[in-house]
There are 2 protein chains.
Amino acid sequence: MTEELSDRQKEIIEVSLELISEKGIQGLTIKNLAKRIGFSESAIYRHYENKTEILVSILNFFKYNIEKLFKAELNTERDAISKINNLLFNQFKIFTASPSLVAVIFSEELFRNEIILMNKVSEIMKNSFDTLTSIIKTGQEKGELRADVEAEHLAVVVMGALRLFVKQWQMSNHEFNLTEKGSELSSSINILITK
Amino acid sequence: MTEELSDRQKEIIEVSLELISEKGIQGLTIKNLAKRIGFSESAIYRHYENKTEILVSILNFFKYNIEKLFKAELNTERDAISKINNLLFNQFKIFTASPSLVAVIFSEELFRNEIILMNKVSEIMKNSFDTLTSIIKTGQEKGELRADVEAEHLAVVVMGALRLFVKQWQMSNHEFNLTEKGSELSSSINILITK
DNA sequence: AATAAGTTAGTGAGTATTCACTCTGCAAAG
DNA sequence: CTTTGCAGAGTGAATACTCACTAACTTATT
């Protein structure tokens with residue numbers, strides 16, 4: 001799963017994320033990539049078989065980060081509230097640190113004709129959602145979270161709010177501090193889902 | 001605002017929505033459009049100046065529907081809960097009836113290089129969000145909704161849940177009944193935001 | 001009523017551009 | 001002397017869009 005990337009491959013991914021954050025997924029072309037790195041277009045194919053492979057690599061990077069975050073939180077001994085709190089906080093921090101990832105997760109529509117990419121994206125989403133649901137379920141059983149609403153619905157609410165908030169941040173051209181304002185949103189969510 | 005579309009223009013929009021729902025925004029090309037309608041590519045330019053104009057037309061159609069829905073609900077004498085309930089229900093019904101609109105609202109990333117389209121999309125989102133926030137605010141003042149969480153955060157939660165749920169429906173290939181399951185989600189949301 | 005003029009909606013060929021990707025050859029390193 | 005990393009030139013497919021032209025109507029003029 002760790003993929004063992006070479007230095008050049010890492011550089012290609014880095015520059016790809018740069019380009020995506022600047023001009024969106026559409027800005028990620030072989031030409032732009034080569035120009036930015038400073039070598040010819042053909043050189044890229046020494047390191048990646050094709051463009052899809054590059055995108056797969058990016059999604060794997062994303063998947064790895066997200067899942068590490070979610071799984072880690074799932075297996076702690078904290079209560080559900082602080083698990084979810086941490087989850088949201090870390091998620092906001094990741095996006096603040098690399099805004100290009102925001103463009104990536106909202107590019108599903110563009111991946112629609114590439115089945116591999118589509119599957120990767122749904123996998124990531126489903127995984128996060130399931131982990132969150134499971135955290136909530138446990139929290140309900142322990143009496144930490146309200147149980148008058150089913151866990152899956154609470155998960156939709158939490159994850160939906162997270163995504164929309166990040167989207168609003170992106171559309172405002174990062175006008176507000178995502179981590180800071182995100183903390184406030186997080187507190188509000190806490191109030192809503194606590195017993 | 002009604003745009004006064006000719007019969008042919010209406011047909012072009014209809015077929016565009018068809019193509020989008022089948023193959024995503026990427027499936028909407030002048031070639032595909034012309035082939036489906038049954039005339040030459042150049043004929044399209046008799047009815048629309050360029051492809052962007054077609055997309056603007058689609059977004060206007062979407063904007064019109066959404067805003068009609070939100071504004072109508074804002075001005076009724078019902079309580080906030082049933083306003084939001086209706087809003088969600090009608091929204092789910094619209095998407096069920098024309099799933100292509102889902103592809104459109106999640107295509108923001110693709111519109112990023114076309115400022116006109118980008119602006120149209122943010123306008124639609126901002127408008128809906130503001131109307132929803134205003135409904136919630138009124139509900140809080142009247143004591144119908146919980147006031148221990150600020151209105152904007154409640155709006156993020158409601159709208160975020162709506163969007164994520166629709167996204168999940170789309171990604172499942174419309175496997176479940178959006179209107180039906182959406183009603184259930186709506187009930188859960190009610191519970192969360194009621195005093 | 002007949003002709004002339006103008007409009008509308010179409011065709012088909014062709015444009016420029018962009019895209020991902022390939023082929024050949026070269027130079028340096030092991 | 002073979003592998004690796006790269007350059008340069010090129011390919012074919014796809015894209016949105018333009019151009020000159022035409023057939024079918026409609027409207028105005030005599």
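Chain A is the first sequence line, chain B the second, and so forth, proteins listed ahead of strands; every chain is numbered from 1.
If you measure from atom CD of A/E114 to atom P of C/dC19, you get 16 Å, rounded to the nearest angstrom. At whole-Å resolution of the value, CG in B/N113 and C1' in D/dT15 are 13 Å apart. For the pair B/I44 CD1 and D/dC17 C1', the interatomic distance rounds to 11 Å; values are reported in whole Å. Per the geometry, CD1 belonging to B/I37 stands 13 Å off C1' belonging to C/dG10, to the nearest Å. Per the geometry, NZ belonging to B/K51 stands 8 Å off C1' belonging to D/dT15, to the nearest Å. A/R46 has its CZ atom 12 Å from the P atom of D/dT3, to the nearest Å. As rounded to whole Å, 12 Å separates atom P of C/dT18 from atom NZ of A/K23. Counting to the nearest Å, the P atom of C/dA9 and the NZ atom of B/K10 are 14 Å from each other.
B/F39 comes within contact range of the sugar-phosphate backbone alone, with a heavy-atom separation under 4.0 Å but no base atom that close. Backbone-only engagement by A/A43 is indicated by non-hydrogen atom pairs under 4.0 Å involving sugar-phosphate atoms exclusively. Heavy atoms of B/L33 sit nowhere under 4.0 angstrom from any nucleic acid atom. Among the protein residues, B/T29 comes within range of the sugar-phosphate backbone only, with heavy atoms under 4.0 Å from sugar or phosphate atoms but none that close to a base.
A cation-pi arrangement, defined by a distance under 6.0 Å to the six-membered ring centre and an angle within 45 degrees of its axis, is present between A/K167 and A/F106.
Listed candidates were D/dC6, D/dC17, C/dG10. Nearest to the side chain of A/R8 is D/dC6. The side chain of A/E41 approaches C/dA20 more closely than any other nucleotide in the set C/dA20, D/dC6, C/dG10. Of the candidates D/dA16, C/dC21, C/dC19, C/dC21 carries the atom nearest the A/Y45 side chain, counting heavy atoms from C-beta on.
Looking at A/S42, its side chain comes within 3.5 Å of the base of D/dG8 through a donor and an acceptor atom.
Between A/F70 and A/F129, the ring centre distance reaches or exceeds 6.0 Å.
Side chains of A/S100 and A/S98: a donor-acceptor N/O pair is absent below 3.5 angstrom, by distance only.
For the pair A/Q26 and A/E49, nearest-nucleotide mapping onto DNA chain C gives the more 5' position to A/Q26.
For A/E41 and A/K31, the salt-bridge test fails: no basic side-chain N is under 4.0 Å from an acidic carboxylate O.
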| request: For side chain to side chain contact (heavy atoms under 4.5 Å, CB included), just list the numbers for B/F165 and B/L178, CA-CA rounded to whole Å, side-chain angles, deciding distance to a tenth of an Å, and then say yes or no. | output: CA-CA 8 Å; B/F165 198 64; B/L178 179 66; 3.8 Å; yes
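For D/dC6, the OP1/OP2 oxygens have a side-chain nitrogen or oxygen of A/H47 closer than 4.0 Å.
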